Amino acid sequence: MTNQGNYQAEGTIRLIVFGARGRVGRAVVAEARARGHEVTEAGRADGDVTSAADVARLAAGHDAAVAAVYDMGAVPGEFFPAAARALAAGLPRAGVRRLVSVGLASVLPTASGALLMDTPGYPQEWQEFYVGHGAGTETLRAAAPRELDWAVLSPAGDFAAEGPTGGYAFASADAGSRITHADFARSVLDEALAPTVHAAHAGVRAA
């Protein structure tokens with residue numbers, strides 16, 4: 001996969017975070033502001049992330065976007081693809097060329113190649129949510145135009161309780177893997193600023 005755009009790895013940028021009120025969104029906002037970047041926090045009260053028109057309106061004037069969105073009242077298999085379609089259409093319309101979306105480890109391949117959700121003993125009570133997340137990524141893969149360079153990042157396993165941080169590394173899915181929200185936010189912001197993952201879903205673990 002090749003880099004389809006030129007991105008500013010140094011200096012300040014304008015970043016919009018969709019889902020900024022959630023735990024991951026808040027961590028990304030905090031990390032971006034700690035590095036001196038200008039951040040717009042976008043939540044449900046600001047617009048509908050499943051509307052390309054709202055996405056374009058909110059994202060106008062920004063350099064990159066992060067999406068950490070979920071609607072507890074929506075059907076996952078409908079919400080995540082709808083949000084992916086809106087982001088794929090709305091961000092390029094606003095001139096935004098980089099998107100980092102927050103995904104789910106359950107639909108990430110393990111070292112054996114099997115999806116984590118398909119490994120023995122993995123909880124199945126949230127399967128609708130897992131499959132919906134995966135459908136969102138596949139919709140983004142199909143709908144994103146060439147001018148939108150996107151990546152999906154998720155913990156390789158799950159989030160850890162907040163505590164001392166120690167960096168991050170990319171990894172295959174592993175049910176036992178844990179990473180703090182702060183370290184995961186660093187990976188998201190790094191990918192927004194200086195992309196290395198393109199049109200793919202990557203797992204992130206503690207280093």
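These numbers come from the heavy atoms of this one structure, side chains and all, not from hydrogens, waters or symmetry mates. One is the number of the first residue; the rest follow in order along the sequence. Source: prediction; values computed, not measured.
- The distance from atom OG1 of T137 to atom CH2 of W150, rounded to the nearest 0.5 Å, is 6.5 Å.
- Taking OH of Y168 as the reference point, atom CG of L153 lies at 8.5 Å (rounded to 0.5 Å).
- Contact record, P92 with L148: CG-CB, 4.0 Å, taken as the closest heavy-atom pair.
- In this structure, L87 and A67 approach most closely via the heavy-atom pair CD1-CB, 3.8 Å.
- Although no hydrogens or angles enter the test, the distance criterion places no donor-acceptor pair under 3.5 Å between the side chain of E128 and the main chain of P76.
- Between L15 and L189 the shortest side-chain heavy-atom distance falls below 4.5 Å.
- Between D158 atom CG and L104 atom CG the span is 8.5 Å, to the nearest 0.5 Å.
- Relative ring orientation between Y70 and F129 is described as perpendicular, the plane-to-plane angle rising above 60° on a 0-90° scale split at 30° and 60°.
- Put simply, the side chain of R205 does not reach to within 4.5 Å of the side chain of I179, judged on heavy atoms.
- Taking 4.5 Å as the limit, some side-chain heavy atom of L58 sits within range of a side-chain heavy atom of I16.
- Note that the OH atom of Y130 and the CG atom of L116 stand 8.5 Å from one another [nearest 0.5 Å].
- Cluster membership check: V75 does not share its hydrophobic cluster with V69, using side-chain heavy-atom separations under 4.5 Å among Ile, Leu, Val, Met, Phe, Trp and Tyr.
- In this structure, P109 and L115 have side chains that are in contact, with non-hydrogen atoms separated by less than 4.5 Å.
- By the 4.5 Å heavy-atom criterion applied to side chains, S101 and F80 are not counted as neighbours.
- With a 4.5 Å cut-off on side-chain heavy atoms, R14 and T40 count as touching.
- Defined by atom type and a distance below 3.5 Å, a donor-acceptor pair is missing between the side-chain atoms of H133 and S106.
- Smallest separation of non-hydrogen atoms from T139 and R85: CG2-CG, 3.4 Å.
- Judged by distance alone, with hydrogens and angles left aside, the side-chain atoms of T119 form no donor-acceptor pair with the main-chain N or O of Y122 at under 3.5 Å.
- Using a 4.5 Å cut-off on side-chain heavy atoms (C-beta onward), D149 and R98 make contact.
- Annotation: the span from H198 atom NE2 to E191 atom CD amounts to 7.0 Å, rounded to 0.5 Å.
- Here the closest non-hydrogen pair linking V197 and A200 is CG1-O, 3.7 Å.
- Under a hydrophobic-cluster definition in which Ile, Leu, Val, Met, Phe, Trp and Tyr are linked whenever side-chain heavy atoms come within less than 4.5 Å, directly or via other members, L108 and M117 are assigned to different clusters.
- Within the 3.5 Å criterion, the main-chain N or O of F18 finds no donor-acceptor partner in the side chain of R21.
- Residues R33 and V39 approach most closely at NH2-O, 3.3 Å, considering heavy atoms.
- Contact check for F170 versus V204: side-chain heavy atoms found under the 4.5 Å cut-off.
- Expressed to the nearest 0.5 Å, how far NE2 of H37 lies from CD of E31 amounts to 8.5 Å.
- Heavy-atom minimum distance, V96 versus A59: CG2-O, 3.6 Å.
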Handout entry: Residues L140, L99; criterion side-chain contact (heavy atoms from CB on, under 4.5 Å); working and verdict
Key = CA-CA 10 Å; L140 188 59; L99 166 66; 4.1 Å; yes
Problem - From CA spacing to verdict: side-chain contact (heavy atoms from CB on, under 4.5 Å), R44, D71 - result: CA-CA 9 Å; R44 262 176 244 171; D71 183 347; 4.0 Å; yes
